[in-house]
Number of protein chains: 2
Amino acid sequence: MAGPIKSDAHKLPEKVARILAGEIGQGRFVTGKPLPPESELAERFGVSRTVIREALARLKYDGLVESRPRVGAIVVPAGQRRAFRLDSLDPKSGQDLRNLYELRALVESGAAALAAVRHGAKDIERMEKHLASIDQALETGRLGASPDLAFHRDLATASGNPVLDDFMRFLNTKVSGMIRMARRKSNQDPVLAAMVQDEHREILEAVGSGDSERARRAVLSHMQKGALRQGLEIVIPGGPRDLGRHLEP
Amino acid sequence: MAGPIKSDAHKLPEKVARILAGEIGQGRFVTGKPLPPESELAERFGVSRTVIREALARLKYDGLVESRPRVGAIVVPAGQRRAFRLDSLDPKSGQDLRNLYELRALVESGAAALAAVRHGAKDIERMEKHLASIDQALETGRLGASPDLAFHRDLATASGNPVLDDFMRFLNTKVSGMIRMARRKSNQDPVLAAMVQDEHREILEAVGSGDSERARRAVLSHMQKGALRQGLEIVIPGGPRDLGRHLEP
DNA sequence: CGCTATAATATTGTATGACAAATAAACACG
DNA sequence: CGTGTTTATTTGTCATACAATATTATAGCG
């Protein structure tokens with residue numbers, strides 16, 4: 001039995017890891033009890049122990065199992081994961097995209113509220129610079145997607161919370177990746193781009209003025225409109241009332 | 001040269017992966033260009049190719065590198081990570097814990113706002129049941145930590161957004177894990193526990209009444225007080241104004 | 001008989017060597 | 001100069017061997 005099985009797939013460990021993770025998730029293995037030994041799994045999947053080993057390494061890394069010598073890879077009590085992933089999301093599913101957008105809106109609006117009360121002078125400078133870059137891009141006919149992303153990153157940074165910053169970067173790349181996937185024919189419409197830019201300015205002004213509630217609503221509104229531009233209607237976490245208008249009754 | 005190097009650490013691949021990830025993060029490798037070949041890395045770290053392989057597998061899994069035959073493990077453009085982790089947080093660092101708490105407060109308050117407008121009848125039932133379990137636990141002298149966690153999970157579920165739900169579960173285990181780490185002598189005070197329970201009831205009532213703004217503030221207040229009970233003062237993302245009081249002016 | 005120290009044993013951790021697969025780069029050829 | 005072919009390098013997978021480790025069984029002792 002020498003040589004690879006067939007060469008029909010070039011990522012054996014990935015496949016094995018997926019299958020095992022699925023079975024663990026469905027409770028096919030008792031938590032606290034060990035999985036079958038590596039050698040046995042190797043036999044069952046028809047691959048070498050090396051592949052099993054690499055697959056198990058992933059599960060360990062995610063905290064799904066924890067392996068100990070002489071006992072095996074024991075299944076750790078549910079919900080002790082060490083990593084948060086969004087792999088199972090389907091880029092073509094509108095529902096998944098909506099859920100993701102919703103989470104992003106929630107987090108980013110909160111970050112803006114924090115940024116309003118915590119930002120430093122350089123934060124505002126950075127954001128202004130990036131907005132100017134977008135303007136410049138629009139004048140030259142380009143879309144300015146890159147400074148746009150930078151602006152949102154600035155917002156995260158200005159929140160003064162590195163954990164939040166980190167998560168927002170993760171989410172944003174995920175969202176933009178999914179959007180790119182979902183619709184290659186991005187909207188090149190300059191009128192829309194100008195609208196977006198207005199929303200950006202409102203956000204910056206709100207943050208700069210130190211009004212966290214206004215900043216929060218500005219981002220919420222921006223996110224909701226952004227989702228709409230993608231053809232998605234999302235519920236605004238702050239409540240569907242007061243959409244768009246601000247706080248003066 | 002047979003046998004492992006010394007047995008001074010039981011997880012070589014983990015260490016190697018950490019080092020490599022750090023070096024990549026600090027830009028010591030050019031993005032788009034391949035890392036040194038596995039054999040070379042093995043030599044450099046003084047371990048076998050097996051270990052390097054397992055370390056690289058982790059980096060690949062997180063999307064930091066992407067390996068192709070004949071060219072090597074190329075460094076993928078920054079910010080394309082496939083997993084969000086909180087491993088680098090120090091459980092003993094008050095700052096880290098505060099940042100984590102802040103993110104949690106932000107997300108969970110948003111989830112509550114969503115739950116207020118989206119919950120179904122069974123969601124409320126579940127939450128009531130878990131609150132009752134806490135009451136029961138308090139009467140028997142126990143702390144009721146487990147139904148407490150369940151109540152927060154219910155909130156996530158009632159938001160109707162599975163992605164949000166998933167993330168909240170991840171965050172909550174992370175937070176509670178860090179708290180357990182940080183202070184073993186948990187507060188067994190029954191008076192405090194009763195206070196917490198009052199806050200829970202306010203949250204449930206707010207969600208049940210469909211008032212998302214009130215739900216959001218109730219959770220925010222609960223989180224802030226919870227942090228205070230842990231000796232942490234956190235900034236409330238919704239803005240420091242209006243703390244605790246509700247919306248009727 | 002019950003408790004503790006020791007040995008047997010199964011399983012993971014790591015090392016080594018071999019070969020297959022894939023592909024970028026060098027090369028040959030028209 | 002462009003294009004197809006060979007070559008070389010690197011990853012992917014397999015197989016085997018031994019070390020480390022902790023569980024379990026066993027033996028020894030009070």
Side-chain angles (χ1 to χ4, degrees), chain A residues 1-21 24 29-76, chain B residues 1-21 24 29-76:
Chain A
M1 239 182 274
I5 44 175
K6 261 293 214 44
S7 111
D8 54 349
H10 39 258
K11 279 175 294 192
L12 284 255
E14 166 107 16
K15 286 176 79 170
V16 172
R18 261 184 209 285
I19 294 175
L20 282 178
I24 288 175
F29 297 108
V30 186
T31 54
K33 288 292 177 81
L35 263 52
E38 293 173 354
S39 51
E40 200 171 306
L41 290 174
E43 197 177 357
R44 178 182 143 196
F45 282 100
V47 299
S48 79
R49 208 185 128 206
T50 309
V51 172
I52 297 295
R53 203 119 228 301
E54 212 152 312
L56 285 182
R58 295 183 170 196
L59 302 188
K60 280 183 254 178
Y61 195 32
D62 272 5
L64 265 71
V65 304
E66 183 175 329
S67 68
R68 296 205 296 246
R70 165 62 218 231
V71 48
I74 71 172
V75 180
V76 3
Chain B
M1 237 184 274
I5 43 174
K6 261 280 213 60
S7 109
D8 55 349
H10 359 298
K11 279 174 294 193
L12 282 260
E14 166 108 16
K15 287 176 78 170
V16 172
R18 261 184 209 284
I19 294 174
L20 282 177
I24 288 174
F29 297 108
V30 186
T31 55
K33 288 291 178 79
L35 265 51
E38 294 174 352
S39 50
E40 199 172 307
L41 290 174
E43 196 177 358
R44 178 181 142 197
F45 283 101
V47 297
S48 79
R49 207 187 129 205
T50 310
V51 172
I52 296 295
R53 215 124 215 299
E54 212 151 314
L56 285 182
R58 295 182 171 195
L59 301 188
K60 282 183 251 178
Y61 194 32
D62 273 6
L64 265 71
V65 303
E66 182 175 331
S67 69
R68 297 206 296 249
R70 165 61 217 226
V71 48
I74 72 173
V75 180
V76 10

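Reminder, nothing fancy here: chain letters follow the sequence lines and each chain counts from 1.
Heavy-atom nearest nucleotides on DNA chain D were determined for A/V51 and for B/A73, and the one closer to the 5' end corresponds to B/A73.
Residues satisfying the side-chain contact (heavy atoms from CB on, under 4.5 Å) test with B/A21, not counting sequence neighbours, are B/L59, B/L64. With sequence neighbours excluded, the residues forming a side-chain hydrogen bond (donor to acceptor under 3.5 Å, both in side chains) with B/R18 are B/E14, listed by chain and number. Not a single side-chain hydrogen bond (donor to acceptor under 3.5 Å, both in side chains) links A/R68 to another residue, sequence neighbours left out. For A/E43, the side-chain contact (heavy atoms from CB on, under 4.5 Å) criterion is met by no residue, not counting sequence neighbours. Checked against side-chain contact (heavy atoms from CB on, under 4.5 Å), A/S67 has the following partners two or more places apart in sequence or in another chain: A/K60, A/A73.
The separation between A/I52 atom CD1 and C/dT11 atom P is 15 Å, rounded to whole Å. Nucleotide C/dA20 holds its C1' atom 13 Å from the CG atom of A/L12, rounded to whole Å. The interatomic distance linking B/I74 (CD1) with D/dT11 (C1') rounds to 13 Å, in whole Å. Per the geometry, CG belonging to B/L41 stands 11 Å off P belonging to D/dT10, to the nearest Å. Rounded to whole Å, atom P of D/dT11 lies 8 Å from atom CG of B/L56. The nearest whole Å value for the distance from the CZ atom in A/R53 to the P atom in D/dT16 is 17 Å.
By the 4.5 Å heavy-atom criterion applied to side chains, A/V65 and A/L20 are not counted as neighbours.
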Stepwise side-chain contact (heavy atoms from CB on, under 4.5 Å) test for A/L56 and A/L35
CA-CA 10 Å; A/L56 285 182; A/L35 263 52; 4.0 Å; yes
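Using a 4.0 Å heavy-atom cutoff across all strands shown, A/S67 reaches sugar-phosphate atoms only and no base atom.
Out of D/dT13, C/dG13, D/dC14, the shortest distance to the side chain of A/V47 is found at D/dC14. In this structure, of D/dG12, D/dC14, D/dT11, it is D/dT11 that holds the atom nearest to the side chain of B/P37. Considering only the side chain of B/R49, D/dG12 comes nearest among D/dC14, D/dG12, C/dT14. For B/S48, taking side-chain heavy atoms from C-beta onward, the closest of the listed nucleotides C/dT12, C/dT14, D/dT13 is C/dT14.
A donor N or O paired with an acceptor N or O is not found under 3.5 Å between the base of D/dG12 and the side-chain atoms of B/R68.
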Write down the protein N/O and nucleotide N/O pairs, taken from nucleotides 7-9 of chain D, whose separation is under 3.5 Å; answer none if there are no such pairs.
from  : atom 1 : to    : atom 2 : distance (Å)
D/dA8 : N3     : B/R70 : NH1    : 3.4
D/dT9 : O4'    : B/R70 : NH1    : 3.4

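Taking 4.0 angstrom as the limit, B/K15 places none of its side-chain polar atoms (N or O) nearer than this to OP1 or OP2 of C/dG13.
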